[in-house]
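Chain naming here is simple, since letters A, B, ... match the order of the sequence lines and numbering starts at 1 in each.
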Number of protein chains: 2
Amino acid sequence: MIQSLSEHDREKLQDSLAHSGQKVTPQREIVFAVLLAKRDHPTVEDVFQRARESMPGLSLATVYNCLETFVGCGLVRQVNHERESTRYCPNLAPHAHFRDEATGHVHDIELPPEIIQSLRSILPPGFNSETIEISFHGRSQESAQRSTSN
Amino acid sequence: MIQSLSEHDREKLQDSLAHSGQKVTPQREIVFAVLLAKRDHPTVEDVFQRARESMPGLSLATVYNCLETFVGCGLVRQVNHERESTRYCPNLAPHAHFRDEATGHVHDIELPPEIIQSLRSILPPGFNSETIEISFHGRSQESAQRSTSN
DNA sequence: TTGCAAGTTGGAATCATTCCAACTCATTTC
DNA sequence: GAAATGAGTTGGAATGATTCCAACTTGCAA
Ligand SMILES: [Mn+2]
Ligand SMILES: [Mn+2]
Ligand SMILES: [Zn+2]
Ligand SMILES: [Zn+2]
């Protein structure tokens, strides 16, 4: 069960929504709270399941709508890996993602500004990028342990 | 209309397929030739249209099969952007992709080894990555010109 | 009160991809 | 050389994430 938003987070939600002319609703509060509660890059379906525990009448369509709204006002990032379901990430700091092939888990990897700079610098003249997505694919300790301890 | 494979490319195809116990077929030759002919990161549908000009009976299912086979034996890479259709790239050198939001075109960006190294180096201990995907999102000269010259 | 606009809802529609069973064709096996 | 084998191909059906839509709800404004 999701506990409600902290004063600070509720304010961030209200503020970001207001900035793009939209309102806080009970559904949006819960969906946002779900994202903040467990930062494991949940899919829409994951969010739907978790949010339902607090609001049984919530619909899947609304979860899609809320998440789209959040992405639109910059509260959340979408994370795609290959052709899998889209995942959602409330971490707004510049970061890359590490996808553990063994567990399917997605981890945030901090991105130092100088790396971002050096990446921008490899673009030929005439190419202006607004965003850079970086995703690693591999195994982490987590999964290595599982396979040796089993 | 696609011209047939050069001796060198046919050999590469034959060799890569043989290495994973598979055979050269007319369909695979044409699909591979289509990929080499225009390196614009075509979708399955694009490849299907182009290949059909040389082999009208070719089926979409076969194009999916051929491309999957090529990915499996390392002849081509899949390229995904957001939730769009998968694209295919026969450039085997390490490179990133630049997606022009205005035109939808995808460009290869050469990746210097030192950038790859520095990226690997930001992974915390315990994370071992086999592959790194980097994609830029933005506008290129190409699209800037279009919007000012129109 | 009534009206309006934003938001929510359930179900239908979309669309890329995967699955499947029948068919083709080249290569063994008898 | 007929029959069997097996990889590959094919068209169409199934899948599954996402989008679309029309009806319903709600809070606020006229
Ligand atoms: Mn503000
Ligand atoms: Mn070889
Ligand atoms: Zn993240
Ligand atoms: Zn490429």
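Look at A:R77 and A:D108 and you find no salt bridge, because none of the NZ, NE, NH1 or NH2 atoms lies under 4.0 Å from a carboxylate O. With respect to B:R99 and A:E133, no salt bridge is recorded, no charged nitrogen being found less than 4.0 Å from a carboxylate O.
The side chain of A:T86 places an N or O atom within less than 4.0 Å of a non-bridging phosphate oxygen (OP1 or OP2) of D:dT18. OP1 or OP2 of D:dT18 sits under 4.0 Å from a side-chain N or O of B:R83.
Remark: P of D:dT26 and CZ of A:R28 are 16 Å apart, rounded to the nearest angstrom. What separates CD of B:E29 from P of D:dT9 is a distance of 11 Å, to the nearest Å. One can place OH of B:Y64 at 14 Å from C1' of D:dA14, the figure rounded to the nearest angstrom. A straight line from CG of A:N65 to P of D:dT18 spans 13 Å, rounded to a whole angstrom. The separation between B:E84 atom CD and D:dA17 atom C1' is 15 Å, rounded to whole Å. Here D:dG8 presents its P atom at 12 Å from CD of B:E68, a figure rounded to the nearest Å. Rounded to whole Å, atom P of D:dG8 lies 15 Å from atom CE of B:M55.
Side-chain atoms of B:H8 never come within 3.5 Å of backbone atoms of B:S6 as a donor-acceptor pair (strictly under, hydrogens ignored). Under a 3.5 Å cut-off, the side chain of A:D46 and the backbone N or O of A:T43 do form a donor-acceptor pair.
Counting only N and O atoms by type, the side chains of A:T86 and B:R83 include a donor and acceptor under 3.5 Å apart. Under 3.5 Å, the side chains of B:H97 and B:H41 contain a donor-acceptor pair of N or O atoms.
Using bins of under 30°, 30° to 60° and over 60° for the plane-to-plane angle, the ring pair B:F98/B:H107 lands in the tilted bin.
Mapped onto DNA chain C by nearest heavy atom, A:Q22 and B:L60 fall at different nucleotides, with A:Q22 at the one closer to the 5' end. Map B:G57 and A:E45 each onto its nearest nucleotide of DNA chain D; the residue landing nearer the 5' end is B:G57. Of the residues near DNA chain C, B:A61 and B:S85, the one whose nearest nucleotide (by heavy atom distance) lies more toward the 5' end is B:S85.
Protein chain B touches strand DNA chain C; the 5'-most and 3'-most nucleotides with an atom under 4.0 angstrom of its non-hydrogen atoms are C:dA16 to C:dT18.
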